[in-house]
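Step one of this worksheet: look at the structure below.
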Amino acid sequence: MDIVTTFLNGIILEEVYMKQPEGLDDGSGRPCADEEVVGESDRKLFHSMVGLLNYAANHTRPDIAFATSRLASVVSRPSHEQLEAAKRLVPYVSATASVGLEYSGVRQRLQRGAADVKSVVFCDNESAVKLAKNACLHGLTKHIRPKWHWVRRLLDKEVRLEIVKTHEQAADIFTKRLAEADHWKGMKLAGMSVH
């Protein structure tokens, strides 16, 4: 049966396996198939671990947000490898229990009143900053609907937009897998400190 057009013939009633693409062979000789998922008891453990990690990531530990979101994306069918990744994340959280967010200057800002405080948005994309600050529409930005230009109205009133160098972007710990040194640097840039 022609695998490329087999869907045209109706529902496939047999298992279909493919050979590993050249260069991606893991050496096991096994055909491509779904990863082996964990059993019911391990799945419940995985759910529990991801739930607790997600709570921590959302409330006090943004440094684990990226890893936790990756684990949460497979919560319905976790593999053994993903269960092991969750088990590695728990000791990290325990070992760094004294790390947390420090909200410096919040009390002073609240005492002055919210009207006096501008939010600062850091962006590592110079083109985006120039587009937000430049009031004239260029030919290359005609596809952007006028309703999305509300950012420009907020500039200098409620928001201050600043360029930050890519290697000094604190948000990277929330969105990327980083080397250990870069992870700790990102935590410091994000205002996390050891108590």
(message) Holding to ring-ring contact (aromatic ring centres under 6.0 Å, His included), I want the full list of residues that pass it with Phe122, two or more places apart in sequence or in another chain.
(response)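 By the ring-ring contact (aromatic ring centres under 6.0 Å, His included) rule, Phe122 matches no residue at all.
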(request) Not counting sequence neighbours, list each pair that qualifies as a side chain to side chain donor-acceptor pair (under 3.5 Å) and has a residue in residues 63-73. (result)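 Applying side chain to side chain donor-acceptor pair (under 3.5 Å) to every pair that reaches into residues 63-73, excluding sequence neighbours, yields Arg61-Asp63, Asp63-Tyr92.
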Contact summary for [X] and [Y], nearest pair of heavy atoms:
{"X": "Arg77", "Y": "Gln82", "value": "O-OE1, 3.9 Å"}
{"X": "Ala57", "Y": "Ala65", "value": "CB-CA, 3.9 Å"}
{"X": "Leu161", "Y": "Val129", "value": "CD2-CA, 3.9 Å"}

Which atom pairs, donor and acceptor, lie under 3.5 Å between side-chain atoms of residues 42-49 and protein residues at least two apart or in another chain?
{"unit_1": "Arg43", "atom_1": "NE", "unit_2": "Glu40", "atom_2": "OE1", "d": "3.4"}
{"unit_1": "Arg43", "atom_1": "NH1", "unit_2": "His47", "atom_2": "NE2", "d": "3.3"}
{"unit_1": "Arg43", "atom_1": "NH2", "unit_2": "Glu40", "atom_2": "OE1", "d": "3.3"}
{"unit_1": "Arg43", "atom_1": "NH2", "unit_2": "Glu40", "atom_2": "OE2", "d": "2.8"}
{"unit_1": "His47", "atom_1": "NE2", "unit_2": "Val75", "atom_2": "O", "d": "2.8"}

(request) Check whether any side-chain heavy atom of Asn54 lies under 4.5 Å from a side-chain heavy atom of Asn58, and answer yes or no. (result)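 They are in side-chain contact.
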(message) If you define the side chain from C-beta out and look only at heavy atoms, does anything of Pro78 sit under 4.5 Å from Val38?
(response)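 Yes - at least one pair of side-chain heavy atoms lies under 4.5 Å apart.
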(request) Apply side-chain hydrogen bond (donor to acceptor under 3.5 Å, both in side chains) to Glu126 and list each qualifying residue two or more places apart in sequence or on a separate chain. (result)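 With neighbours one apart ignored, the set is empty.
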(message) Please enumerate all residues that pass side-chain hydrogen bond (donor to acceptor under 3.5 Å, both in side chains) together with Lys87, with sequence neighbours excluded.
(response)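 Applying side-chain hydrogen bond (donor to acceptor under 3.5 Å, both in side chains) to Lys87 gives none.
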For residues 168-181, please give each side-chain donor-acceptor pair under 3.5 Å, one per line with the distance, not counting sequence neighbours.
{"unit_1": "Asp172", "atom_1": "OD1", "unit_2": "Lys176", "atom_2": "NZ", "d": "3.4"}
{"unit_1": "Thr175", "atom_1": "OG1", "unit_2": "Ala171", "atom_2": "O", "d": "3.4"}

(request) Starting from Leu52, walk the hydrophobic network (Ile, Leu, Val, Met, Phe, Trp, Tyr; side-chain heavy atoms closer than 4.5 Å) and list everyone else you reach, by chain and number. (result)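 None; Leu52 is a cluster of one.
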Are [Y] and [X] connected in a single hydrophobic cluster, I mean Ile/Leu/Val/Met/Phe/Trp/Tyr linked by side-chain heavy atoms less than 4.5 Å apart?
{"X": "Val50", "Y": "Val74", "value": "yes"}
{"X": "Val120", "Y": "Ile163", "value": "no"}
{"X": "Phe66", "Y": "Leu53", "value": "no"}

(message) Has Glu84 got a side-chain atom pairing as donor or acceptor with Glu81's backbone, closer than 3.5 angstrom?
(response)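 Here the side-chain-to-backbone pair does not exist.
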(message) Holding to side-chain contact (heavy atoms from CB on, under 4.5 Å), I want the full list of residues that pass it with Ala85, two or more places apart in sequence or in another chain.
(response)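 Ala85 satisfies side-chain contact (heavy atoms from CB on, under 4.5 Å) with Leu71, Arg88 only.
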